[in-house]
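It should be emphasised that the depicted structure is a prediction, and the values quoted were computed from it without experimental measurement. Below, each value reflects all heavy atoms present in this structure, side chains not excepted, and no hydrogens, waters or symmetry copies. In the text below, chain A, chain B and the rest are named by the order of the sequence lines, each starting its count at 1.
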2 protein chains.
Amino acid sequence: MKEENARSSAIPHLAELAEFRYQLRTFLSFSEAASEACGIAAQQYQLMQVIAATPEGRPATISHLAERMILRHNSAVELVDRVEKAGMVRRRNDEQDLRRSLVELTPEGKKILQQLVTQHVQYLKTHGEEIARTLRTLQPASQTEKAKDLDGRR
Amino acid sequence: MKEENARSSAIPHLAELAEFRYQLRTFLSFSEAASEACGIAAQQYQLMQVIAATPEGRPATISHLAERMILRHNSAVELVDRVEKAGMVRRRNDEQDLRRSLVELTPEGKKILQQLVTQHVQYLKTHGEEIARTLRTLQPASQTEKAKDLDGRR
DNA sequence: CCGATTATATCGCCTCACGATATTTATAGC
DNA sequence: GCTATAAATATCGTGAGGCGATATAATCGG
């Protein structure tokens with residue numbers, strides 16, 4: 001028999017969803033702290049990561065970065081400005097299409113990125129499984145122990 | 001045999017981590033759009049969700065909300081101000097401790113929250129499994145098809 | 001070779017989180 | 001019970017960053 005929270009009664013999966021979002025905020029908070037310990041903002045790290053993860057064939061244009069960062073093009077321009085000022089990336093001119101700037105990591109940028117990726121992978125090796133488990137409790141055919149726990153503890 | 005991306009070479013798990021963050025951004029972007037379609041900001045929805053998910057015994061004080069939202073106390077105060085102005089929550093005085101305000105959802109707030117939770121649960125029923133799978137590729141003992149795909153396609 | 005489209009850049013605006021500080025209430029030590 | 005300290009909330013000025021509107025330059029289609 002499960003006691004319903006008066007506040008949450010009648011909203012299915014509220015506890016699991018709230019837990020997932022709390023886990024995300026905790027992860028993002030870690031990410032921000034790690035980035036700023038390296039002297040850059042969290043978004044700047046994300047931009048660098050997108051650049052490094054862009055497949056070989058795909059040029060790292062402002063438009064492409066904006067798309068992967070889910071930002072307006074002008075915001076991507078401004079973000080690149082800031083990361084460039086921090087010395088982590090530089091713009092090159094695309095010789096095929098002079099409208100484009102190609103953004104690439106500097107050696108310093110690669111070094112910092114490697115550190116940050118390592119730290120984040122480490123974090124997710126520790127906490128990723130728990131996040132995945134919370135996500136699974138929201139799947140159609142799921143009544144795991146975790147879900148029962150989140151539902152039952154009120 | 002896997003071809004290494006010149007940009008990503010020597011950074012293990014870069015592709016999987018970047019993919020995970022892109023999935024998160026996509027989800028958060030959906031969340032923002034859904035919230036604003038209901039006339040509130042994404043953070044305001046999160047606050048409401050935290051309030052609703054607060055266990056019965058635990059009073060929904062500003063301090064508690066700040067902790068779950070991962071915000072400074074003053075920022076939580078300001079967030080509650082905005083959500084109160086939007087008519088989604090109201091403050092009550094704690095009669096045991098007059099320093100505290102207890103924050104609770106209004107009927108309108110409950111209605112909107114229910115809609116948003118439903119939409120988000122629906123989203124995660126569709127996309128949650130994929131996110132969980134990406135997370136799993138970052139686990140210690142993981143060389144799934146997904147991981148091979150992300151590593152191999154460059 | 002010119003009108004339409006695409007890519008990037010610039011600028012002013014607005015939201016929101018923060019640090020510093022203030023105010024009120026509770027609590028502990030005497 | 002009275003005072004020093006701590007805790008909870010609130011206020012205010014500041015700054016970062018994303019966005020819409022607009023501008024400029026380069027490419028492309030007919």
Contact class for [X] vs. all strands (heavy atom < 4.0 Å): base, sugar-phosphate, or nothing?
X	answer
A:S63	sugar-phosphate
B:S75	base
A:A41	sugar-phosphate
A:L71	sugar-phosphate

Taking the side chain of B:R72 as its heavy atoms from C-beta onward, which of C:dG19, C:dA17, D:dT9 lies nearest to it? C:dG19
Between D:dT11, D:dT27, C:dA9, which nucleotide gets closest to the side-chain atoms of B:D81? D:dT11
Would B:R25 and A:Q46 count as having a side-chain donor-acceptor pair, cut-off 3.5 Å? yes
Would one find a side-chain N or O of [X] under 4.0 angstrom from OP1 or OP2 of [N]?
X	N	value
B:Q96	C:dT25	no
A:Q43	D:dA16	no
A:S101	C:dA9	yes

Without decimals, in angstroms, what is the distance between [X] [atom1] and [N] [atom2]?
X	N	atom1	atom2	result
A:L98	D:dC28	CG	C1'	14 Å
B:R100	D:dA10	CZ	C1'	16 Å
A:D94	D:dT27	CG	P	9 Å
A:Y45	D:dA16	OH	P	23 Å
B:L47	C:dA17	CG	P	10 Å
A:N93	D:dA25	CG	C1'	12 Å
A:E67	C:dA7	CD	P	11 Å
A:I62	D:dA26	CD1	P	16 Å

The test is side chain to side chain donor-acceptor pair (under 3.5 Å); show your working for B:T134 and B:E16 and say whether it passes. CA-CA 6 Å; B:T134 306; B:E16 294 88 343; over 6 Å; no
Tell me, do A:L105 and A:R90 make a side-chain contact under 4.5 Å, heavy atoms counted? no
Between [atom1] of [X] and [atom2] of [Y], what distance do you get to the nearest 0.5 Å?
X	Y	atom1	atom2	result
B:L124	B:F30	CG	CZ	8.0 Å
B:I40	B:M88	CD1	CE	5.5 Å
A:K125	B:L138	NZ	CG	8.0 Å
B:Q49	B:R68	CD	CZ	10.5 Å
A:S29	A:L24	OG	CG	12.0 Å

Closer to the 5' end of DNA chain D via nearest nucleotide, is it A:R82 or B:T61? B:T61
Parallel under 30°, tilted from 30 to 60°, perpendicular over 60°: which one fits the rings of B:F27 and B:H120? perpendicular
Is it the case that C:dG19 (base atoms only) and B:N74 (side chain only) share a donor and an acceptor within less than 3.5 Å, ignoring hydrogens and angles? yes
Between the base of C:dC11 and the side chain of A:E78, is there a donor and acceptor pair under 3.5 angstrom? yes
Quick one: do A:E108 and A:K111 make a salt bridge, cutoff under 4.0 Å? yes
Quick one: which protein N/O atoms are closer than 3.5 Å to N/O atoms of nucleotides 5-7 of chain D? Pair and distance per line, please.
{"from": "D:dA7", "atom 1": "N3", "to": "B:R99", "atom 2": "NH1", "distance (Å)": "3.2"}

The helix from C:dC1-D:dG30 to C:dC30-D:dG1: angle between terminal helix axes, five bp per end, to the nearest 10 degrees, reads 30°
